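For reference, the structure discussed in these notes is given below.
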There are 2 protein chains.
Amino acid sequence: MVTMSDVARAAGVSVMTVSNVLNGRSNVGADTRLRVLEVVEELGYEINLTARRLRSGRTGTIGLIVPQFDLHYYGELASRISEALAPEGMHLVVEQSGASRERELSALSLARLQQYDGVLLSAVGLDMADLDRIHPDVPIVLLGEQAVPERYHRVRMSNVAGARLATEHLIDRGARRVAVLGGKLSAAHPEMATYRADGWSRALEEAGLPPDPGLVIPLRTYSIAEARGAIADALAGGTEIDGIFAVTDEVAIGALAGLHDAGLRVPDDVQLAGFDNLGISEHLVPGLTTIDPDHAAMVTAALRLLRRQLEDRTAEPEHVVSDVRLIVRGTTRAHGDSVPSA
Amino acid sequence: MVTMSDVARAAGVSVMTVSNVLNGRSNVGADTRLRVLEVVEELGYEINLTARRLRSGRTGTIGLIVPQFDLHYYGELASRISEALAPEGMHLVVEQSGASRERELSALSLARLQQYDGVLLSAVGLDMADLDRIHPDVPIVLLGEQAVPERYHRVRMSNVAGARLATEHLIDRGARRVAVLGGKLSAAHPEMATYRADGWSRALEEAGLPPDPGLVIPLRTYSIAEARGAIADALAGGTEIDGIFAVTDEVAIGALAGLHDAGLRVPDDVQLAGFDNLGISEHLVPGLTTIDPDHAAMVTAALRLLRRQLEDRTAEPEHVVSDVRLIVRGTTRAHGDSVPSA
DNA sequence: TCGGCCAGATTTATCGTTAAATCTCCGTGG
DNA sequence: CCACGGAGATTTAACGATAAATCTGGCCGA
C-alpha cells in the first residue's frame, strides 16, 4: 500500500507538504504542488481515510441506520438522502439494525456511531429508556415516530393528522366499516402504529362512527405477505369491512392482494387507503390512495438539523413535524359514488 | 470520550492489559480481567473502531455497493446479505454508487474500499476497462451481469437461460408478438439488458418467430415509471403486442400499469413475464410470472467467495453462475388457453 | 545595513489501538 | 541451590495521517 511518506520521498518533500497539497492548503508553492500531484498520480496514491479519521476526527460520512433494508420506504429514504448529500461532498452509508431491540442497540453502540460525522437514525425497536441511555458524542437526528427524549433532534410526520385524513376520506367516499390494518391501540411505548390507529379512531368518532376494536387488525411486521394473510384471516373470520386504512403503503399492497384473494373488488366492494406514498403506489392497479408525508421536506429538514449540530455541538434540539397531504387515486371511489350493490 | 488508557488508569493496569481483556486474549489473570471489565462498565468505555482498524487492519465490516438504494432488487439483496453475515459477527454497510460511471468510480476509490474487510460490488456503470484499472488490496466479489476481467471473483445469474425460459413460456402460452421491455440489442459493453434480450431473441428464433427489432423497447433506467411510459408510447405508436418479457420485475410492474392505462387486460390481451422474483411480485394483482434466480444460493456463493479471499488473498478467482427457474403466476395464461377474442 | 515579515517548507507530537518484544516473579526439577 | 519455563503483566514501536509550532531564506522598508 502506498502511503503519504512514499509520495513524500518520491517527490523529495516532507510528508506534511504532501498533506498540505492534498488538502488544498495554501502554504505550498505552485511548482511543489505540481510535482506532488504528479507523484501522487504516478504512484496511484490514495489517502487512508482511517488514519485521517483517527487524527482529524472528520470522516465526510453520514450514517443512516434503518430497521430493514427491504422495506421500500427505507430504500426510498436512503436514496433521497444520498442524493441530497452528494452535492455537499458528503457521503452516505446505510446500516440495518434489524427490527429487534437487541440488534438495534448493538447498531447504536458508541463504537459504531463514532465512525460517522453524523447519524440519521430511524429507530423502531427502541423505547424512550433505551434512547435515554445513549449519550453519543456524534450528532444524531432521529427520523421516525416513536416517542423520544427531549434532547434529541428529530424529524417526523404528522401521523395522527395523516391517518385522520385518510380515514375521513374513506368515510367521505361512503365507507362505514373502516378497518385499520397494522394498527395498534394505545401501548406503553407509542409508535407509528399507535399514532396512526389514533388518527383512525378520531376520524371515526368525529363522524359519529364508534371505532370497533374488531376492526383493528394488528400486524407483527409491516410486510406485504403478513398484511395479505391478516386480511385473509379477518375476512375468513367474518369481519365485515367496506374500507381499510393501511398504516403503510407496503401493508396496503398486501391488503390489495388479500382482498383480491377473497374475490372483493377495490374500490367497489372495499375501499383502501395507505400511508407513505411510496414510489410504487402510484403505479399499482388500481393506483393507491395514500398520505404523502412530503419526503423531500423531511430529508431537507433532517439534513438541516444535522448540519446545525455539526456546526455547533450545543445547538438546541429541534423537533420538526412534516406536513402530510392526501393523494387520491383509484383505490377509493370518486366523490359522490354510492355504494354499489355487490 | 473515554479511551483505553482511562480504563487502564482507573483499573490500575497497563493499556495493553485492557486491550488483552477486551480481545479475549488468554494472558490475563482472572481477577485482573474482572476488575478491568468492571471499570469498562463503570466508565461506559467503548472501543474506538477507527484506531483498531488503523492498527490491526481488520474492521469486521463488509461493504456492499449498489447502484441505487431504491430499486427493490438491491434492498432485498442487502437484506439477505446482512442476515447472512450477522451470525458470523460480521457487519454489513451499504453504499450507493449512483448508476453513473463517474460516481461509481468514486465509490470504488481505493480510499473507500479500504475501509472494509471485503467488498461486494454490484456494478452497472463500469465497463471492463474501468474494472481492469482497479487493483484494490481488499477482497472483492462482483455481483452482476456485465462482462468483467478474469481476475475477479464473481457471482451472477443465468441471464440468457432465464430470459429464454420466460420467453418460451410466453410463446408456449400462446403469445406470438412478444416484446422485450428494457431489452438492448448487443452493445459494445454487454450488460444485464443485452444478455436478457439475447435470451429473448433465441427463444423466438427457436420457435420459428423471427425477433422483430420493433419489439425491443429500450429503457434508460429500469424504473417503474419509465417502464410504464415506454409501454404507453409503444402502444400509442401502434406496436402490436400480445406478450411482454420485462427484463426485471420492477420494469414488469411498470408494464402492468402501462397496459392497464391502455385498457388492455393481463393476461387475456397481453401476457407478461418478469425477471428477479422480487418479494412483491407474488403479491401483485395478478401475481407476476417471473424468473427466480435463487437469491439465497447467490448470497451464499458470494459470501463463500469472499471468505475464501479473506482466508487466502491469492485464492484462484471463481465464477459462480446461479441457476434460474420459472415461476408461473397470474400474468401468463393457464396452459392450453387459447387467445380469447378481445 | 539590519530587523521584520511572509511565503514556503519542515519538525514534533499525537489521535487510540495492537503486535511483538520484554520484564518479573514464582514454582519446579535436577 | 540454581537454572529454567511459563503465566501474567508491561514496554516499545508502530499503523498513516494532521494540528500546531518551528524553521529558513529572501525581500522590504526605514
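Protein chains get the first letters and strands the later ones, always in sequence-line order, with residue 1 at the start of each. Heavy atoms only: backbone and side chains are in, while hydrogens, waters and symmetry mates are out. Computed from a predicted structure; not experimentally measured.
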Practice item. Name every residue in residues 1-30 of chain A that has at least one heavy atom under 4.0 Å from any atom of DNA chain D, in order of residue number, or write none if there are no such residues. Key: A:Met1, A:Thr3, A:Met4, A:Val15, A:Met16, A:Ser19, A:Asn23, A:Arg25

Check your understanding: Listed by chain and number, what are the side-chain hydrogen bond (donor to acceptor under 3.5 Å, both in side chains) partners of A:Asn159, not counting sequence neighbours?
Key -> A:Glu145, A:Arg196

Review point. Earliest and latest nucleotide of DNA chain C, 5' to 3', sitting under 4.0 Å from a non-hydrogen atom of chain B?
Key: C:dG16 to C:dA20

Point to revise | Short side-chain donor-acceptor distance under 3.5 Å, B:Tyr222 and B:Gln68 | key: no

Check your understanding: Looking at five pairs on each end of the helix from C:dT1-D:dA30 to C:dG30-D:dC1, what is the angle between the two axes, given to 10 degrees?
Key -> 60°

**Study point:** Interatomic spacing from NE2 in A:His153 to CG in A:Leu305 - rounded to 0.5 Å
**Key:** 7.0 Å

Review point. With sequence neighbours left out, which residue pairs that include part of residues 73-82 of chain B fulfil the side chain to side chain donor-acceptor pair (under 3.5 Å) condition?
Key: A:Asp70-B:Ser79, A:Gln96-B:Ser82

Review point. Quick one, which residues of residues 32-55 of chain A touch DNA chain C with a heavy atom under 4.0 Å?
Key: A:Thr32, A:Leu54, A:Arg55

Exercise for review: With sequence neighbours excluded, tell me which residues meet side-chain hydrogen bond (donor to acceptor under 3.5 Å, both in side chains) with A:Ser223.
Suggested key: A:Thr221

Enumerate all atom pairs, one protein N or O and one N or O from nucleotides 22-26 of chain D, separated by less than 3.5 Å.
none

Practice item. Side-chain contact test, heavy atoms from C-beta onward, threshold under 4.5 Å: evaluate it for B:Leu303 versus B:Leu120 and give yes or no. Key: yes

Revision key, fill the gap. dist B:Leu77:CG -> B:Leu71:CG (nearest 0.5 Å) comes out at 11.5 Å

Exercise for review: With the side chain counted from C-beta on, respond yes when A:Val40 and A:Leu22 share a heavy-atom pair under 4.5 Å apart, and no when they do not.
Suggested key: yes

Revision key, fill the gap. So side chain to side chain donor-acceptor pair (under 3.5 Å) across residues 51-65 of chain B, not counting sequence neighbours, yields A:Gln115-B:Arg53, B:Asn23-B:Arg52, B:Thr59-B:Asp117

Check your understanding: How close do B:Val138 and B:Tyr116 get, heavy atom to heavy atom, and via which atoms?
Key -> CG1-O, 3.5 Å

Exercise for review: For the residue pair A:Pro317 and A:Arg154, establish whether any side-chain heavy-atom pair is separated by less than 4.5 Å.
Suggested key: no

Point to revise | Under the salt bridge (charged side-chain N to carboxylate O under 4.0 Å, His left out) test, residues paired with A:Arg35 that sit two or more places apart | key: none

Practice item. For residues 306-317 of chain B, pull every pair meeting salt bridge (charged side-chain N to carboxylate O under 4.0 Å, His left out), keeping only residues two or more places apart or in separate chains. Key: B:Glu88-B:Arg307, B:Arg308-B:Glu318

Study note, to complete from the structure: Contacts of B:Val321 meeting side-chain contact (heavy atoms from CB on, under 4.5 Å) (sequence neighbours excluded), chain-then-number -> B:Arg156, B:Ser158

Check your understanding: Roughly how far, to the nearest 0.5 Å, is the CD1 atom of A:Ile65 from the CD1 atom of A:Ile140?
Key -> 7.5 Å

